[in-house]
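Lettering of chains follows the sequences in order, A, B, ..., and the numbering in each one begins at 1.
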Amino acid sequence: MIDKLVTEENITSNGFSNTNNLPPASSFPPPIKKKRNLPGTPGMYHTSNSYPEAEVIALSPKTLMATNRFMCEICGKGFQRDQNLQLHRRGHNLPWKLKQRTSKEVRKRVYVCPEKSCVHNHPSRALGDLTGIKKHFCRKHGEKKWKCAKCSKCYAVQSDWKAHSKTCGTREYKCDCGTIFSRRDSFITHRAFCDALAEETARVTAASHFNNVTPSGSVGNINYHFVGPPVLAGPTMAHHFSNSSSIFKPILTNPENHLDPTQQDGLSLWTSSNNNSNGNVNNNELRDLHQLGHQNHPSHSEYQPNWGVFGVKNTSDHDPNVSAPPSLLSTLNNLPQTHASASMSATALLQKAAQMGSTSSATTNHTSFLGSFGVNSSNNYNITTDTVATHVQDENKFCGLYGTSPMMNSYRGSELENDFSSLDEMYPPSKRRHIHVEEHHGGQTRDFLGVGIQPISHPRIRFDHV
Amino acid sequence: MTSVDSLYNNTLFIFFTQKSSMERTHLSPYTNHPQTTTKQPISHTYSDPGGGEAGPDNDKWASKLLLECAQSISYKDYGKINHLLWMLNELSSPYGDCDQKLAYYFLQALFCKATESGNRCYKSLISVADKSHCFDSARKLILKFQEVSPWTTFGHVASNGAILEAFDGENKLHIIDISNTLCTQWPTLLEALATRSDDTPSLKLTVVVTSTMARSVMKEITQRMEKFARLMGVPFELNLINGSNKRLWQLTKEELNVQEGEAIAVNCIGALRRVEVEDRGDVIRLFSSLNPRIVTVVEEEADFTSSRFDFVKCFEECLRYYTLYFEMLEESFTPTSNERLMLERECSRSIVRVLTCDDEQNIDSGDCERREKGNQWCERLKEHFSLVGFSDDVVDDVKALLKRYRTGWSLAHDRTNSNEDSGMMLAWKDEPVVWASAWKP
């Protein structure tokens with residue numbers, strides 16, 4: 001059973017292998033620790049996927065949390081580490097025979113989470129590291145006993161708490177208007193009243209006037225009200241603010257989310273500044289965004305190449321009639337506003353959108369991009385046409401706006417199929433027709449990387465629409 | 001000085017000379033140095049009119065002078081009144097140290113009281129303030145204040161924490177906000193709603209605007225709030241209700257837009273004191289009729305109500321409270337802060353209103369400003385609600401908040417009345433200044 005699962009996933013894991021080269025979405029603003037293995041991403045760390053013959057161990061919570069896993073067979077003393085046990089055994093003056101450890105080849109063990117409702121309970125999502133599964137169990141299903149003194153944030157794992165305490169209060173928050181804050185609450189309050197925020201909306205309002213494309217739902221409604229909250233809503237700015245490592249919510253949630261026209265809501269906000277076509281702004285923005293309270297600074301350097309690849313180039317072959325705003329808007333309309341770039345600030349996103357709108361599409365980039373995501377292995381697509389198509393299309397635009405996030409997050413998310421589906425959406429309609437998109441779109445969380453995709457996909461989508 | 005101030009100063013001299021011609025020689029500032037007049041039994045604090053200079057006699061000269069003047073007014077010793085008013089006028093300044101400032105702002109009230117021109121004075125103060133009031137200045141002021149002092153943010157954190165806990169599990173939230181916070185409390189709540197769980201609830205905010213001045217900026221604030229909520233990804237709706245043209249307790253459920261299936265919270269920060277004293281019970285009854293999950297009340301710790309018929313007592317309490325407030329402002333802001341100056345000016349309106357205006361005259365702009373202490377509010381609220389203690393998490397949050405500011409702030413648990421909790425008290429240098437509480441029906 002596991003083998004079968006593993007086989008499928010191996011393919012995809014190969015397909016996705018390149019993702020490891022891309023800045024993991026986790027490294028960009030969503031402040032996830034660098035080393036963390038992207039949930040769902042088979043990869044660098046030991047998982048059941050890397051070891052198809054692995055023995056799946058399911059420990060009970062009690063055993064999992066037991067501190068002494070290694071027992072001396074002679075006196076029954078328990079030790080936390082194998083090395084310590086061996087050291088202890090030497091003291092027993094064992095005859096040579098018994099000194100040797102069992103010759104049996106130690107099989108690679110992978111562990112599943114004992115919590116039934118947990119996604120890691122499934123053998124295919126087992127973790128190879130015992131310490132890893134212990135920490136996971138604590139974090140997700142354990143009681144949060146450790147509390148930060150400065151901000152009173154709670155943690156279940158002591159090492160998490162320690163790590164947080166080191167950085168708590170040292171982080172700086174920068175608003176788009178340039179002001180820097182050391183306190184998160186004052187940053188949030190400032191942001192809410194900041195003029196920079198007001199400007200964005202002004203642009204959006206202007207943009208919305210141009211919008212004729214309303215695949216579903218009314219634009220007006222969407223522009224100003226969030227109706228029907230998508231379950232995954234919120235992460236955008238919110239996550240941007242938060243330190244939490246749960247930036248990437250499980251992708252699964254509501255497949256219907258993106259289908260619900262009413263959920264398009266806030267993203268229309270993002271339509272913004274189609275007027276800015278300043279490719280150079282990107283890098284600066286990236287840096288700014290990075291400052292916006294995320295923990296992985298180096299990540300931004302990884303971003304540069306991608307950014308360049310997808311070229312926020314100033315458009316030349318771009319159809320002048322294609323106004324970024326409308327298309328962006330329509331895209332946004334259909335998008336569940338959920339994980340709109342968990343890490344990016346609204347302003348940054350809007351500006352990116354603007355740049356996107358005005359950049360040319362790089363066909364080649366398309367292919368390479370998609371290819372890098374292993375879209376070729378399209379065995380996971382099923383189509384759900386019409387309803388999806390329109391939404392998908394819009395979602396594409398949106399996805400483009402937010403860049404790879406859908407993809408990245410989908411990786412992290414539940415099934416890999418979702419990844420492809422969302423990926424696919426980013427593709428121009430023409431290509432999309434060839435690929436079946438599964439209705440279940442995972443990974444609504446957006447990641448910075450994908451921003452660059454918009455220019456590519458978007459114009460094409462526009463054209464095809466026309 | 002503003003034109004109003006100079007007007008008053010001129011009137012002061014004219015009035016005095018007219019009223020007590022017998023003592024004219026004493027009153028003329030041009031010929032008489034206070035020290036030379038010996039008609040009045042002058043306390044030793046007069047020895048140094050320069051003010052602000054170090055010396056045991058000069059400490060707290062303002063409060064001494066002011067109190068004496070208040071007493072003189074209460075037993076209508078016009079000679080003394082004139083003299084003291086003149087003294088204060090010489091020594092006071094809105095740009096000086098705490099004593100000078102207190103002298104300046106209280107002098108204005110004393111003068112109005114002596115001349116019985118409180119209502120007129122207040123109205124002109126209001127109109128002056130109205131003209132210079134705008135969104136930008138109000139925003140700058142309130143945000144700066146929140147940056148340097150937890151005076152207001154204390155209430156925000158406590159209330160938000162209590163509200164979030166009371167709303168746990170609900171997904172249609174409706175908060176009725178009757179406050180003076182200009183919605184600065186809500187961004188952090190919105191952020192918390194957005195991040196705390198996968199299931200983001202929808203929030204409807206009904207803001208009752210009680211001050212005429214706030215109305216103009218509230219429109220702009222509404223827009224900002226809506227945008228921000230969108231940014232946060234929280235389904236949001238904000239409605240403004242005008243509560244200044246009628247009595248607050250006359251509002252109805254329909255006017256407040258209360259609907260079925262909503263979880264209601266009433267958030268009342270710095271607003272109960274603006275209700276006329278006789279109406280306060282009715283307002284609390286109104287809250288109760290809305291059947292809220294929780295009612296959060298935050299008020300400044302001072303009692304201008306029980307002494308409202310006793311001028312001197314009321315004056316003493318006013319002086320005590322505003323001395324604390326001014327000292328706090330002085331230590332929290334930079335010396336040349338414009339924002340602090342504006343905050344101090346706002347106090348002058350309150351002081352004039354409390355000390356010199358006739359409540360019966362029904363100024364009716366929703367700004368009674370007669371504060372009550374926490375335990376007094378408790379007595380009122382107990383009729384319809386029971387106190388909900390703040391959870392440990394909220395207390396921790398508040399403590400963490402206080403740590404982020406300069407030293408001097410602490411939490412004082414007020415258990416003087418009984419063994420049970422009666423809300424949380426913010427203390428400045430161990431003096432209780434702001435009281436926060438949460439109630440449930």
Side-chain angles (χ1 to χ4, degrees), chain A residues 147-154 168-169 181-195 197-198 200-201 204 223-242 244 246-247 249-250 253 262 265-269 336-340 345-347, chain B residues 135-136 138-140 142-144 146-148 153 156-157 160-161 171 181-203 220-221 223-237 392-401 403-405:
Chain A
K147 194 164 183 179
C148 174
K150 286 182 205 156
C151 67
S152 62
K153 193 162 179 211
C154 296
C168 186
F181 297 87
S182 57
R183 271 175 35 212
R184 184 162 155 226
D185 51 340
S186 42
F187 172 47
I188 294 176
T189 315
H190 164 88
R191 195 75 181 72
F193 289 93
C194 186
D195 287 330
L197 187 65
E200 291 168 27
T201 317
V204 173
N223 279 347
Y224 297 102
H225 296 286
F226 271 159
V227 185
V231 171
L232 303 179
T236 65
M237 218 29 199
H239 280 247
H240 156 84
F241 285 127
S242 86
S244 91
S246 61
I247 275 276
K249 295 180 173 162
T253 52
T262 55
D265 36 31
L267 294 185
S268 49
L269 243 194
Q337 52 147 94
T338 59
H339 311 277
S345 76
T347 331
Chain B
F135 172 73
D136 273 331
R139 170 188 63 175
K140 203 160 160 251
I142 204 169
L143 288 184
K144 186 72 188 167
Q146 291 179 354
E147 273 272 332
V148 301
T153 49
H156 296 347
V157 171
N160 285 347
N171 63 355
T181 57
L182 294 182
C183 287
T184 50
Q185 175 182 3
W186 306 122
T188 37
L189 182 88
L190 283 168
E191 192 258 352
L193 281 178
T195 53
R196 74 171 173 162
S197 69
D198 286 342
D199 227 337
T200 308
S202 69
L203 175 64
E220 180 67 31
I221 290 179
Q223 287 180 15
R224 304 275 172 127
M225 279 293 113
E226 286 171 347
K227 279 172 218 163
F228 185 74
R230 249 174 288 147
L231 194 63
M232 284 289 109
V234 177
F236 183 73
E237 186 188 328
D392 289 336
D393 280 341
V394 177
V395 174
D396 283 342
D397 280 341
V398 170
K399 286 186 179 157
L401 175 82
K403 280 201 199 124
R404 303 201 271 268
Y405 290 97

Checklist entry - Is a donor on one side and an acceptor on the other found under 3.5 Å between the side chain of B:Arg224 and the backbone of A:Phe193? => result yes
Item to check | Region of B:Leu182 in contact with chain A, defined by heavy-atom distances below 4.5 Å | outcome: backbone
Next on the checklist: Can you tell me how far apart NZ (B:Lys227) and SG (A:Cys194) are? Round to the nearest 0.5 Å.
Outcome noted: 10.5 Å
Next on the checklist: Surrounding NZ of B:Lys140 (heavy atoms of other residues, nucleotides or ligands, distance under 6.0 Å), is the total greater than 12?
Outcome noted: no
Checklist entry - Are B:Thr184 and A:His190 close enough that some pair of their side-chain heavy atoms sits under 4.5 Å apart? => result no
Next on the checklist: I'd like to verify something: which residue of B:Val157, B:Leu190, B:Asp396, B:Ile221 has the highest number of heavy-atom pairs under 4.5 Å with chain A?
Outcome noted: B:Asp396
Next on the checklist: Strictly distance-based, threshold 3.5 Å: is any side-chain N or O of A:Arg191 a donor or acceptor partner for the main-chain N or O of B:Phe228?
Outcome noted: no
Next on the checklist: As a quick check of understanding, evaluate side chain to side chain contact (heavy atoms under 4.5 Å, CB included) for B:Arg404 and A:Asp185, giving each step before the final call.
Outcome noted: CA-CA 10 Å; B:Arg404 303 201 271 268; A:Asp185 51 340; 3.3 Å; yes
Next on the checklist: I need the B:Glu191 CD to A:Thr189 OG1 distance, nearest 0.5 Å.
Outcome noted: 9.5 Å
Checklist entry - Looking at residues at least two apart in the chain, or sitting in another chain, which of them share a side-chain hydrogen bond (donor to acceptor under 3.5 Å, both in side chains) with B:Thr153? => result B:Tyr405
Checklist entry - B:Asn171 versus chain A, heavy atoms under 4.5 Å apart: side chain, backbone, both or neither? => result neither
Checklist entry - Roughly how far apart are A:Ile188 CD1 and B:Leu231 CG, rounded to 0.5 Å? => result 11.0 Å
